Amino acid sequence: MEIKQFYREIVNEHNLHPMHKGRMEGPDLVLRGVNPSCGDDIILQLKLNGEIIEDAMFIGTGCAISQASVDMMADQIIGKTKEKALEMAQVFMGMIKGNITDEAELEVLDEAAALQDVSHMPARVKCAVLGWHTMQEILNNPEKSEKLS
Amino acid sequence: MEIKQFYREIVNEHNLHPMHKGRMEGPDLVLRGVNPSCGDDIILQLKLNGEIIEDAMFIGTGCAISQASVDMMADQIIGKTKEKALEMAQVFMGMIKGNITDEAELEVLDEAAALQDVSHMPARVKCAVLGWHTMQEILNNPEKSEKLS
Amino acid sequence: MEENIYRKDFPFFSDNKYIYLDNAATTQRPKVVLDAICDFYKKSNANPLRGLYDLGIEATNRYEQARERVAEFINASDSSEIVFTRNTSESINLVAYSYGLSNLKEGDEVVISVMEHHSNILPWQFVCNNTKAKLIYLEPDKNGVISRKEYESKIGKKTKIVSIGHVSNVLGVTNPVKEIASYAHKFGAVVVVDAAQSAPHKKIDVRDLDADFLAFSGHKLMAPMGIGVLYGKKSLLEHMPPFLRGGEMIEYVTRDSATFAEVPHKFEAGTVNAEGAVGLAKAIDYLESVGFDTIENIENELTAYLMDGIKDLKYINTYGSINPSEHSGIVTFTIEGVHPHDIASILNEDNICIRAGHHCAQPLMQFLKVGSTARASIYFYNTKKEIEKLIYSLANVRKVMGYGD
Amino acid sequence: MEENIYRKDFPFFSDNKYIYLDNAATTQRPKVVLDAICDFYKKSNANPLRGLYDLGIEATNRYEQARERVAEFINASDSSEIVFTRNTSESINLVAYSYGLSNLKEGDEVVISVMEHHSNILPWQFVCNNTKAKLIYLEPDKNGVISRKEYESKIGKKTKIVSIGHVSNVLGVTNPVKEIASYAHKFGAVVVVDAAQSAPHKKIDVRDLDADFLAFSGHKLMAPMGIGVLYGKKSLLEHMPPFLRGGEMIEYVTRDSATFAEVPHKFEAGTVNAEGAVGLAKAIDYLESVGFDTIENIENELTAYLMDGIKDLKYINTYGSINPSEHSGIVTFTIEGVHPHDIASILNEDNICIRAGHHCAQPLMQFLKVGSTARASIYFYNTKKEIEKLIYSLANVRKVMGYGD
Ligand SMILES: Cc1ncc(COP(=O)(O)O)c(C=O)c1O
Ligand SMILES: Cc1ncc(COP(=O)(O)O)c(C=O)c1O
């Protein structure tokens with residue numbers, strides 16, 4: 001897909017009208033994720049119920065791709081187990097880095113698979129993976145959880 | 001003149017059989033001159049009688065061109081006034097750097113003018129001028145005179 | 001404006017589709033520079049300053065002639081005041097390590113400005129951390145101008161070093177370095193000029209500026225990568241300790257100690273980059289054959305055209321002076337609601353190369369209260385048609401991003 | 001030996017008269033390297049690591065691929081262990097400033113050898129002077145060999161750094177760096193290998209050597225001037241403070257402080273020399289296409305031919321091993337009664353380029369009790385005919401200088 005088309009058809013919707021942007025009441029896990037070189041800067045907030053991710057929200061600023069990606073991610077992981085979410089993160093990273101291209105394999109990502117085009121925009125890989133990377137960090141290292149200030 | 005011919009006809013004689021090499025008894029002025037990059041290392045010794053350079057000798061080691069040049073220099077300055085010797089040094093430097101090529105002007109150097117070929121050997125300029133440079137230094141700054149050890 | 005007559009000199013433009021507008025980052029190289037590189041390796045390649053054979057002398061001569069060419073270019077008194085480095089960053093680090101560390105102490109002050117490139121900030125943070133000297137920032141007004149009042153209030157008896165960019169790589173503004181130098185010299189401070197963005201665009205005269213040190217990069221004025229310049233007044237260079245050590249920068253070495261060669265060789269450790277120096281000299285020849293008048297004329301005309309063309313797009317904000325001729329070809333901007341990285345990606349699809357980010361000037365970004373900006377930077381080989389395309393693309397960015405206008 | 005099949009790859013040999021035997025100083029460049037330089041500027045030239053547009057990505061990729069090529073060349077575990085510098089000298093200075101200054105203290109010892117190049121002596125003199133650590137010298141025996149007894153007697157609990165040349169640029173001897181490293185590691189010392197003279201001639205395997213740092217220069221293996229390499233184990237590089245500061249080697253910069261990028265970028269301040277890196281990668285391709293076996297075979301054959309040819313000239317003394325295959329192509333010699341500079345001048349008339357002087361190894365000269373020496377250094381593109389001419393000229397030197405024989 002061409003880049004302009006990609007913005008129009010995939011990114012803009014989530015960037016201009018994010019569904020999961022905002023401050024969460026009483027989150028269980030909170031982590032800031034940053035891309036120094038671009039200035040993308042998000043705070044991911046998760047609410048857990050045992051192994052299940054009950055809710056996911058983010059606040060922050062950044063480029064459209066980073067914002068859309070984290071919004072799409074939130075949409076996909078809500079209701080999933082932590083394990084499933086981590087598995088999806090793996091697939092997402094693989095897709096963006098161009099290592100996973102098999103459609104069947106990508107199915108687990110559902111709508112988030114629409115970001116596959118970023119694999120042809122090497123300069124933007126970091127933007128697309130920021131949300132997923134932050135989620136990996138905090139699920140694998142819950143002790144890193146921060147206070148929302 | 002070709003370089004080999006130049007060695008054969010001009011340099012060798014003074015290098016192999018220097019006339020003014022040796023340790024002087026009771027010199028008035030003594031200065032060490034060194035070319036770090038080549039390892040030429042001489043000690044120039046002068047005996048003065050008022051304004052007249054009564055004797056000039058050198059000790060040290062170095063390449064054939066440096067040794068021959070200082071020996072030729074000693075030969076030429078003995079009996080000259082300090083002023084005359086300094087004037088000759090000026091002309092010699094000019095010749096070696098290729099700035100003075102006029103034969104009439106070079107006449108003052110007498111036999112030392114035979115080193116003119118060094119002006120075509122840029123790598124060896126420092127060797128040729130070491131003796132003359134050391135003489136300039138010590139005549140202009142007699143307070144720099146060293147003890148012969 | 002006619003078709004640009006200089007483009008044919010650049011192999012880069014001969015068969016690619018790019019509209020290259022990131023000239024403040026690095027420039028393209030004319031064929032004469034590439035030819036000079038190949039010619040050096042074909043005919044004169046030996047290790048300079050070492051061999052006694054003719055080929056070695058030839059290599060040395062070409063290297064030292066390049067030094068003379070640079071001295072002439074910036075009107076230095078003597079070629080021994082020119083030290084070859086890798087780039088502006090290394091030049092400033094050399095001054096910081098060699099002059100800074102040995103001349104600063106607690107209570108002293110180093111004055112720089114908020115609009116400096118990181119390369120003219122980090123070395124001074126380092127020196128100040130190590131010597132406990134204080135780092136003071138000059139603040140520009142909202143047009144990017146550092147006023148006389150501002151520098152006179154911050155430079156004073158405690159000031160030991162003032163290090164200032166000649167032209168800002170973000171705002172394009174030219175700082176009053178000559179006036180600052182003259183004021184700083186009253187207090188005996190030394191003045192370092194970061195000329196990375198000025199040397200490609202305007203005549204530098206180190207004696208007129210009375211700069212104590214001045215740094216620039218070859219690659220920003222069409223020379224090869226890997227060669228830069230540090231100018232330093234001889235009296236200062238001579239009293240500074242060496243920085244990098246090794247190779248031919250010595251006189252004598254024993255097991256325990258060493259004495260060093262004369263300037264500038266004292267500061268050039270190891271095998272020198274003769275290719276780079278020779279390429280730089282050729283780039284300077286080429287640059288002067290075009291002429292600074294022509295360069296400034298073309299740049300100003302194109303800058304005016306660009307600023308004029310985006311003036312009506314109210315959602316585009318530009319930074320720096322409103323006068324196009326005060327931009328040295330640099331136009332930095334933001335588009336409301338669109339992150340600069342998205343601008344760059346969208347323009348990339350139109351083959352337009354602009355820069356987006358913090359431009360290695362994060363403190364200036366903080367001062368301007370923006371996370372990052374987009375920047376188009378023009379050189380004399382750009383054309384009106386290229387600027388037209390840029391304007392056209394910019395006018396479409398917000399639509400692509402889903403805004404109504 | 002047949003006509004050398006590699007010479008045609010080098011524009012340098014196509015139309016000049018020189019017999020170039022100063023390869024230990026710098027090598028000639030094959031056409032593929034010059035083409036790679038021009039190709040980079042023509043097709044991929046932008047400032048690497050900065051631009052988000054395709055051309056900038058392309059420049060970045062070519063630069064980073066070069067890093068991977070270098071990592072593979074010396075068998076590093078990861079390309080992030082490769083820092084691009086200007087040359088060997090800068091690489092060693094980087095280690096000295098960044099690792100040395102922050103890890104040494106009074107009472108510690110730094111061990112080097114008497115046969116080091118100045119570039120591996122002066123940085124350690126500097127560090128020792130600044131930290132009051134002690135500089136200890138390993139002494140070779142009369143054949144130039146550093147014995148096990150020697151290094152075991154000088155390396156010990158106080159040793160913090162051992163920095164040692166892999167191949168001596170004067171004696172041509174290969175030092176037992178692997179054995180020294182293994183012994184030094186018992187005491188927790190870090191081992192720096194100066195591979196300037198080995199990398200062009202033999203396969204380097206940093207993991208097999210277990211070197212902590214290793215340095216070499218591009219220009220000595222047919223790459224452009226102005227590019228060098230520092231290999232460092234990641235765990236060490238990561239804990240070292242930056243050396244040069246500026247440009248893209250940062251994460252965040254505020255007015256008062258900065259955080260730095262990951263290795264290796266932390267150590268690469270300012271605009272990188274992508275041309276040099278790309279040229280180096282291509283030179284490595286070329287070198288490996290010739291193959292180290294071929295290189296060593298040709299060199300050893302020519303070295304044997306040379307040493308054999310001058311053996312009967314009793315007034316010529318050679319240094320180092322009597323075994324030609326232990327010379328890495330380097331034959332250093334003196335002629336009784338003739339100063340090395342005069343030898344060089346006389347050979348120059350026969351268009352033979354050899355080096356004369358202290359070879360940036362004054363302490364070794366003092367150890368050998370000579371003021372200076374002459375040195376012929378061979379690379380695989382040299383020919384038997386060239387060596388024949390060298391022998392012929394050498395046999396005439398004393399006659400030219402007025403001696404009977
Ligand atoms: C053994 C050795 N070490 C270090 C160097 C220094 O290399 P460079 O001049 O490229 O920094 C050289 C060559 O000059 C050398 O032969
Ligand atoms: C104002 C200014 N200073 C310094 C630099 C650093 O130059 P370099 O990256 O060539 O060291 C730059 C360019 O990047 C610059 O624009």
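Note that the structure is a prediction, hence the values are computed from the model and not measured.
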Which answer fits [X], side chain, backbone, both or neither, if we ask what part of it has an atom under 4.5 Å from a heavy atom of chain C?
X: D:Ile354; answer: backbone
X: D:Phe243; answer: both
X: D:Tyr41; answer: both
X: D:Ser44; answer: neither
X: D:Met249; answer: side chain
X: D:Pro48; answer: side chain
X: D:Leu55; answer: both

Would you mind telling me which of [options] has the largest number of heavy-atom pairs within less than 4.5 Å of chain D?
options: C:Leu135, C:Thr254, C:Asn120; result: C:Thr254
options: C:Ser257, C:Pro123, C:Ser345; result: C:Ser257
options: C:Gly228, C:Cys128, C:Cys38, C:Pro242; result: C:Cys38
options: C:Met365, C:Lys43, C:Glu139; result: C:Glu139
options: C:Leu94, C:Ile250, C:Ile121, C:Asp35; result: C:Ile250
options: C:Glu275, C:His117, C:Glu116, C:Gln125; result: C:Gln125

With a 4.5 angstrom heavy-atom cut-off, which part of [X] approaches chain D: side chain, backbone, both or neither?
X: C:Leu244; value: both
X: C:Val33; value: neither
X: C:Asn16; value: side chain
X: C:Asp15; value: side chain
X: C:His358; value: side chain
X: C:Ala344; value: side chain
X: C:Glu248; value: both
X: C:Asn87; value: side chain
X: C:Thr271; value: both

Quiz item: Does the pair D:Phe13 and D:Tyr18 meet the rule for a ring-ring contact (aromatic ring centres under 6.0 Å, His included), with working shown?
Solution: CA-CA 8 Å; D:Phe13 295 118; D:Tyr18 296 114; over 10 Å; no

Practice problem: Apply salt bridge (charged side-chain N to carboxylate O under 4.0 Å, His left out) to the pair D:Arg62 and D:Asp39, showing each step before the final yes or no. | Solution: CA-CA 11 Å; D:Arg62 288 186 75 168; D:Asp39 185 72; 3.1 Å; yes

Practice problem: Examine the side chains of D:Asn45 and C:Arg29 and answer whether a donor and an acceptor come within less than 3.5 Å of each other. | Solution: yes

Only pairs of heavy atoms separated by less than 4.5 Å count here; which of [options] has the most with chain C?
options: D:Ser89, D:Gly56, D:Gly247, D:Gly226; value: D:Gly247
options: D:Arg355, D:His341, D:Lys42, D:Glu349; value: D:Lys42
options: D:Ser14, D:Ala46, D:Ala356; value: D:Ala46
options: D:Thr88, D:Val253, D:Asn273; value: D:Val253
options: D:Ile112, D:Thr27, D:Leu122; value: D:Leu122

Can you give me the closest heavy-atom contact between [X] and [Y], atom names plus distance?
X: C:Gln366; Y: D:Arg255; answer: OE1-N, 4.5 Å
X: D:Ala24; Y: D:Ser377; answer: N-OG, 2.8 Å
X: C:Pro224; Y: C:Gly276; answer: CD-O, 4.1 Å
X: D:Trp124; Y: D:Val95; answer: CH2-CG1, 4.0 Å
X: C:Lys220; Y: C:Ala25; answer: NZ-O, 3.1 Å
X: D:Lys31; Y: D:Pro11; answer: N-CD, 3.6 Å

Is [Y] paired with [X] through a side-chain N to carboxylate O contact shorter than 4.0 Å?
X: C:Arg50; Y: D:Asp22; result: no
X: C:Lys17; Y: D:Asp54; result: no
X: D:Glu90; Y: C:Arg86; result: yes

With under 30° as parallel and over 60° as perpendicular, where do the rings of [X] and [Y] fit, or are they tilted in between?
X: C:Tyr63; Y: C:Phe84; result: tilted
X: C:Tyr53; Y: D:Tyr20; result: perpendicular
X: D:Phe10; Y: D:Tyr381; result: perpendicular

Exercise. Answer yes or no: is there a donor N or O on one side and an acceptor on the other, between the side chain of D:Ser119 and the main chain of C:Gly270, under 3.5 Å?
Key: no

